[in-house]
Amino acid sequence: MEKRNQAAKLIIGTVVIIIAVLFLAGIVAGHDLKYKAAPLSREDIAYKQVEAPQASGYDGTIQAADWAALYPDIVFSMGANKDNSDVVDYLKLDPYLVEIYEDYGFAKDYGSARGHAYTLEDVNKTERPHKTANCLTCKTPNLTKKVQDEGKSVYSMSFEDVYAEITQNGGETVSCYTCHGNNVGNATEARANLTVTHGYITEALGDNIDSIDPGILACGQCHIEYYFNPEDKATTMPHSSIETMTPEATYDYFTEIGFSDWTQKSTGANMLKVQHPEMETVLLGKHGKFLNCADCHMPVLENTKTQTVYHSHKLVSPLEDKTLLQTCLRCHTNMKTADEMITFVKNIQTRITDEETRIGNKLMEFKRALAKANQSGTMDEEQLNEIRELYRKAQWFFDYCYVENSEGAHNSDLSMRCLSTAEQLIKQGMALLTPAE
Ligand code: HEC
Ligand code: HEC
Ligand code: HEC
Ligand code: HEC
C-alpha cells in the first residue's frame, strides 16, 4: 500500500513537472518563434489592399486606433514606443556644452531623445523657449494636417494656442498619418505605402526626391537638419539634393543667406545650432544606397498565432535587437556572432565620442579666449570678426557630429571629418588670439 502510494505520488509529481516544463518551454518557444533564426524580410510580408476605416481624428486624420482592427500588430508595436522612456542629461554628461551654447535654450535644457510616444509631452515641458507653433512640426501629425489645410501661416501661430487645440481634441504624437497619410493600406508593389506629408521636404527636394528611398524619407521628414525661415517662421530644409546634404554645403547655405540661430553676447558671434542630421549622415554613408531606416530600426517579426509577418513599428536600436543583428550578419560576413557585431559598432562609437569630448573641451577654451579678447577691447572689430567666423564654423562642425544621434555608427568617416575640421578651425582661431611672441 505504502509503496503504491509512493509510486502514485512519483507519477503525479513527474507529470506535474513535465507539464510545468512544457508550459515554460511553450512560453519561451512562443516568444522565441517571433525571432526566427533566419531573419524574415520584406519579401515575407503578405501585403494587402484594404479600405481605409472611418477617421476619428478631429481634423480628418485616421488615427492609430482606427487602424487597430486591420493592423493589430503594427498598431500594438507602435504603442510600445512608450518603453523607450529614459533620458540622458547631456549638460551633466558634457558640461562644456553649457558654455558653447551660452545664451541659447540648449544651455538650459538638453536631454537625449526618447520614444515617439513622448514628443508632445517633451516639447511642452522643455525649458527651451517656444513661442510659435513651428516647434510642433516634428511632434504630431495634427500640426502636419493643419499646415496642409491652412497653409504655412500655421507655423507662426502661438505655440500655446495650437498645442491646446491639438491636445484638447485628442491629437496624436508621431503616428500613422505622419508617414503614410490616410492611405495606410498597402501599395500593390510589394511595398508599404509611404507618403511624405511634411511639405517642406517635397518643396526643397523637388524632382530629386525620387532618388531617395521612401523608407528613408519617412524618417527624414524630422530626422534632418532644418531651420525656421526668419521671415515667416516656416520650417524649412536647407537641402535640394543628396549632394547638398554635406555639413560643408549646408554651412555655406546658411552663411550665404545670412542665417544664424542666436548671437552669443560674450563672444559677439552669430551662432548656428545643428538639429539632428540622421537622414544626411545615412544617405552619405556606406549603407545609404542599399538600406533604409526601417532595415536597421524596424525588425520584421511574425505573429505566430495569426502568421502575420510585419514591420515592427517600435523603433529600436539594432544593437539591442536579435532579429536586426541577424540581418547585419547577412552582409557583415566577416563577423560570426551578434556579439562581434555589437563590439564592432561600439568600438566605432567609443572612438567618436572620445574625440568629441576632446574637441568639445578645446572649443570651450577657444570660446573663453575669444570672449576675453572681445571684452578686453585689445582687438579691433575686423580682427574679432575674423575669429568669430572661425568660432562659429568650428562650433557648427563640432555640433554636426555631437547632435547626430548614432554617435558615429551611421557614418564614422563623416563624424571624424567634422571633428577634425572643427579642430583645425580652433587651432587657427587660437593662433590669432595668442600670436607667437
Ligand atoms: C515614423 C514613420 C511611420 C509611422 C508613424 C507609421 N509607419 Fe507604417 N511603415 C513605416 C515604414 C518605414 C514601413 C516599412 C517600409 C519598408 O518596407 O521599407 C512601414 C510599413 C507599414 C505597412 C506595410 C506592412 C509592413 O509591415 O511593412 C503598414 C500596413 C503600415 N506601415 C501601417 C502603419 C500603421 C497602421 C501605422 C500607425 C499605427 C503606421 N504604419 C505608422 C513608417 C511608419
Ligand atoms: C514627425 C517627426 C518624426 C518622424 C517622421 C520620425 N521621428 Fe523619430 N523622433 C522624433 C522626435 C521628435 C524624437 C524625440 C522624441 C522625444 O525625445 O520626446 C524621435 C525619437 C526617435 C528615436 C529615439 C531616440 C533615442 O535616443 O531613444 C528613434 C530611434 C527614432 N526617432 C527613429 C525614427 C525612425 C527610424 C523613423 C522612421 C521610421 C522616425 N524616427 C521618424 C521625430 C520623428
Ligand atoms: C545600417 C544600419 C542603420 C541604418 C540604415 C540606420 N541606422 Fe540609425 N542607428 C544604427 C545604429 C547601429 C545606431 C546606434 C545604436 C546604439 O547606439 O544603440 C543607430 C542610432 C540611431 C538613432 C539614435 C537612437 C538609438 O537607438 O541609439 C536614431 C534616432 C537613428 N539611428 C535614426 C535613424 C534614421 C532616421 C535612419 C534613416 C535615415 C537610420 N537611423 C538608419 C544603424 C542604422
Ligand atoms: C546590405 C548589406 C549590409 C547590411 C544588411 C548591413 N551592412 Fe553595415 N556595412 C555594409 C558595407 C558594405 C559597409 C562598408 C564596409 C567597409 O567600408 O569596409 C558597412 C559598414 C558598416 C559600419 C561602419 C560604418 C562607418 O561609417 O564606419 C557599421 C557601423 C555597420 N556597417 C553597421 C551595421 C549594422 C549595425 C547593421 C545591421 C543593423 C548593418 N551594418 C547591416 C553593408 C551592410
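In each ligand, atom 1 is the first atom listed, and ligand 1 is the first ligand listed.
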Using a strict 4.0 Å cut-off to heavy atoms of H223, name the atoms of ligand 3 that fall inside it. 29 (C), 35 (C)
Numbering the atoms of ligand 3 from 1, which are under 4.0 Å from a heavy atom of S406?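 With S406 as reference, the close atoms of ligand 3 come out as 19 (C), 20 (C).
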Top protein contact for [atom], by heavy-atom distance:
atom	value
atom 12 (C) of ligand 3	P318 CG, 3.6 Å
atom 20 (C) of ligand 2	R114 O, 3.3 Å
atom 15 (C) of ligand 3	S317 OG, 3.3 Å
atom 36 (C) of ligand 3	C293 SG, 2.8 Å
atom 3 (C) of ligand 2	C222 SG, 2.7 Å

Is there a polar contact, in the sense of an N or O pair closer than 3.5 Å, between [X] and ligand 2?
X	result
Q221	no
C179	no
D122	yes

Could you see which bit of V123 sits under 4.0 Å from ligand 2, with heavy atoms only: side chain, backbone, both or neither?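 The answer is neither; V123 stays 4.0 Å or more away.
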From the candidates [options], the one that places a heavy atom nearest [atom]:
atom	options	answer
atom 21 (C) of ligand 1	H311, Q63, H180	H180
atom 18 (O) of ligand 1	H297, R42, H116	R42
atom 14 (C) of ligand 3	H287, Q349, M341, E407	Q349
atom 38 (C) of ligand 1	A218, C176, A64	C176

Where on V282 is there a heavy atom closer than 4.0 Å to ligand 3, on the side chain, on the backbone, on both, or on neither?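 Side chain only.
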Please state which part of A409 comes within less than 4.0 Å of ligand 3, counting heavy atoms only: side chain, backbone, both or neither.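 Answer for A409: side chain.
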Of the backbone and side-chain N, O or S atoms of C296, does one lie nearer to atom 8 (Fe) of ligand 3 than 2.8 Å? no
Output the list of atoms in ligand 1 that are nearer than 4.0 Å to some heavy atom of Y310, sorted by atom number. 26 (O)
Can you tell which part of [X] has a heavy atom less than 4.0 Å from ligand 1: side chain, backbone, both or neither?
X	value
Y71	side chain
N292	side chain
V300	neither
T178	neither
I45	side chain

Can you name the N, O or S atom of H313 that is closest to atom 8 (Fe) of ligand 1?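 Closest N, O or S atom of H313 to atom 8 (Fe) of ligand 1: NE2.
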Out of curiosity, is G220 lining ligand 3, as in a heavy atom under 4.0 Å away?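 Judged by the 4.0 Å heavy-atom criterion, G220 does not count as contacting ligand 3.
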Within the protein, is there a heavy atom lying under 4.0 Å from atom 32 (C) of ligand 3?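 Under 4.0 Å from atom 32 (C) of ligand 3, at least one protein heavy atom found.
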Shortest non-hydrogen pair, I216 vs L283, comes out as CD1-CD2, 3.9 Å
Can a non-hydrogen atom of S175 be found less than 4.0 Å from any atom of ligand 1?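 The answer is yes: ligand 1 sits under 4.0 Å from a heavy atom of S175.
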Can you sort out which atoms of ligand 2 are near L315, meaning under 4.0 Å from one of its heavy atoms? 32 (C), 33 (C), 34 (C), 35 (C), 40 (N)
